[in-house]
Amino acid sequence: MENNQTKRPYSMELAATLLAMALIIAFMVVSQGVLLPLLFSILISISLFPLARFFERLHLGRAFSSILAVIVAIAVISGLIWFIVHESIIIGKDATAITDKVLSVLERGQKWLQDQFGIEKTEVMDKLREQGNKSLENAGGMLGSTFGSIGNMLASAILVPLFSFFLLYYRDFFREFFFKAFKSSAQHKVNEVLNKIYEVVQSYLVGLITVMGIVAVLNTVGLMAMGIDYAWFFGSLASLLMLLPYIGIAIGSILPALFALATKDSAWYALGVVAWFQVVQFLEGNIITPNIVGSKVSINPLMAIIGILIGGMLFGLAGLILALPMIATLKVIFDASPGMEAFGFLIGEPEKEHLKRNATQELLMKWGIVRLPKNKKKIEMDVHVTMDKPDEEPKTEVTYKEVNESEENPYENLKDSEDENGKDSDKK
């Protein structure tokens with residue numbers, strides 16, 4: 001019986017894939033009010049799972065253990081928020097002195113602009129006034145977005161602990177859902193993928209918390225060495241901003257640099273703060289994070305930056321925080337799906353063989369695009385005759401050298417050679 005099924009054109013398959021992706025992204029944007037708290041809850045529940053298991057080993061029951069783990073998380077997060085707010089209030093008591101210092105710095109800056117570029121003070125004030133008027137025009141929209149953000153934060157403050165509790169309490173129930181949803185796949189494979197996702201996300205979260213603690217200590221030590229007040233506050237705040245990958249520490253250095261500029265007599269302190277924070281960022285990216293997180297979260301920097309930009313474009317600040325764990329999860333899923341392995345490979349880090357000097361030639365040979373050259377061996381013999389004195393017998397030295405010469409061009413197209421071989425066999 002003939003098979004009448006025809007394969008669809010690649011253009012149709014590509015169009016269907018792009019349409020499905022567009023619909024998924026549109027759904028995520030529309031439902032982000034529920035989706036973002038759920039995603040944060042998944043991350044929090046994964047990080048709290050070892051704690052919940054510890055309480056369960058104490059025979060406290062799954063429900064009570066889940067509630068207790070969530071309460072511990074709430075206490076830790078509340079303590080961090082209290083620390084930031086408390087220190088901000090203390091710093092705010094010196095706001096008058098700091099403001100006077102900032103104004104004097106601005107006046108010196110205006111004088112420097114006038115001396116160097118001939119820009120009058122009135123021109124600077126006009127520009128500032130123009131920008132202020134534009135800001136006032138958008139004040140309504142800014143207030144609306146601010147109150148909307150506060151509303152979302154309050155909703156998340158209620159939904160995230162609730163979701164986290166149910167994700168911990170019903171974790172085996174949700175695991176069986178995946179077994180039922182992917183009946184056509186091998187169940188051990190589904191279980192391996194779920195375990196791998198947990199391992200990757202858990203490694204990322206635990207590693208991130210550990211790195212944040214180390215960075216907070218390094219930041220604080222540097223600020224203390226320079227005599228910057230409230231060093232623990234600024235150092236810890238900058239480490240918390242590491243939730244924003246690649247740019248967190250850089251942003252966190254701005255506030256202590258401005259504070260140093262306002263409270264110190266020399267601008268070198270501000271430059272020192274920025275320089276030290278950049279050193280800490282270098283150590284974090286090249287030494288601390290690779291040794292703590294290891295190779296379990298293997299995402300190449302290019303795909304990480306692209307994912308962060310897309311996450312920020314779709315979901316704002318929350319998207320920046322969620323980008324890396326979501327990309328790591330997608331990589332695990334892609335690696336386990338036969339049709340998506342190429343995309344999982346693209347997200348991962350390149351191997352050493354991709355970065356070598358002759359990587360292109362080895363890659364072409366690996367995929368059969370070019371073939372290895374056939375070599376013929378040849379021996380070269382050199383005879384050296386030396387005579388120190390006319391009466392003595394000459395000394396003869398013979399050296400041998402093996403030379404490999406290529407008989408064929410290794411970059412010859414295999415298809416052409418196969419066609420020629422086919423023609424030769426036909427003639428025979």
Side-chain angles (χ1 to χ4, degrees), residues 14 17 21 192-193 195-197 199-208 210-212 214-215 218 242-250 275 277-313 319-375 404-406 408-415 417:
L14 179 61
T17 302
M21 291 178 60
E192 288 177 2
V193 172
N195 291 336
K196 183 66 175 177
I197 291 174
E199 180 183 356
V200 168
V201 177
Q202 178 76 6
S203 299
Y204 171 77
L205 294 175
V206 174
L208 178 63
T210 306
V211 171
M212 287 170 64
I214 296 173
V215 169
L218 291 176
M242 284 183 61
L243 292 171
L244 308 177
Y246 296 102
I247 60 174
I249 297 181
F277 275 60
Q278 296 308 310
V279 170
V280 172
Q281 185 173 21
F282 174 81
L283 294 175
E284 178 269 326
N286 295 277
I287 298 176
I288 301 173
T289 297
N291 286 301
I292 291 178
V293 178
S295 60
K296 293 182 179 179
V297 185
S298 55
I299 303 173
N300 70 74
L302 177 60
M303 291 296 107
I305 293 172
I306 292 174
I308 290 169
L309 293 175
I310 294 175
M313 182 177 63
L320 296 177
I321 298 173
L322 292 170
L324 287 185
M326 293 299 104
I327 293 173
T329 302
L330 286 176
K331 184 185 184 309
V332 174
I333 296 173
F334 289 161
D335 289 340
S337 303
M340 306 296 289
E341 288 180 352
F343 295 96
F345 173 81
L346 180 64
I347 294 174
E349 291 183 349
E351 299 176 358
K352 292 182 179 179
E353 63 182 16
H354 298 116
L355 307 176
K356 295 192 298 186
R357 183 175 57 85
N358 59 339
T360 302
Q361 181 178 353
E362 292 186 2
L363 180 64
L364 295 177
M365 291 178 180
K366 175 183 176 182
W367 287 94
I369 299 173
V370 300
R371 59 186 176 186
L372 291 170
K374 294 181 180 179
N375 296 334
N404 294 327
E405 293 183 351
S406 175
E408 297 183 5
N409 180 11
Y411 294 98
E412 184 181 359
N413 194 302
L414 283 178
K415 185 176 181 181
S417 63

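L320 contributes atom CG, which lies 8.5 Å from atom CG of L309 (distance to the nearest 0.5 angstrom). Separation of atoms NE2 (H354) and CD (E349) is listed at 12.5 Å; rounding is to 0.5 Å. In this structure, OH on Y204 lies 4.5 Å from CG on L324, to the nearest 0.5 angstrom. Distance check: I310 CD1 to M303 CE gives 9.0 Å after rounding to the nearest 0.5 Å. Atoms CD1 and CD1, from I327 and I308 in turn, are 6.5 Å apart once rounded to the nearest 0.5 Å. Atom CD in E351 sits 11.0 Å away from atom NZ in K356 (nearest 0.5 Å).
The main-chain N or O of L346 is found under 3.5 Å from a side-chain atom of N300 such that the two form a donor-acceptor pair.
Within a 6.0 Å sphere centred on CE of M21, heavy atoms belonging to other residues, nucleotides or ligands number 12 at most. Counting heavy-atom neighbours within 6.0 Å of F343 CZ, excluding the residue itself, gives a total of 12 or less.
Between A323 and G307 the shortest heavy-atom distance is CB-O, 3.8 Å. Scanning all heavy atoms of the two residues, the minimum distance from I299 to A328 falls at CD1-N, 3.7 Å. For the residue pair G344 and D335, the shortest heavy atom distance occurs at CA-OD1, 3.4 Å.
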Intermediate values then yes/no, side-chain contact (heavy atoms from CB on, under 4.5 Å), L243 and L208: CA-CA 8 Å; L243 292 171; L208 178 63; 3.8 Å; yes
Quick one: do T329 and V201 satisfy side-chain contact (heavy atoms from CB on, under 4.5 Å)? Show the steps, please. CA-CA 7 Å; T329 302; V201 177; 3.6 Å; yes
Using the side-chain contact (heavy atoms from CB on, under 4.5 Å) rule, take M242 and E284 through it: C-alpha gap first, then chi angles, then the decisive distance, then the call. CA-CA 10 Å; M242 284 183 61; E284 178 269 326; 3.8 Å; yes
L218/I288 under side-chain contact (heavy atoms from CB on, under 4.5 Å): CA gap, chis, key distance, verdict: CA-CA 11 Å; L218 291 176; I288 301 173; 3.9 Å; yes
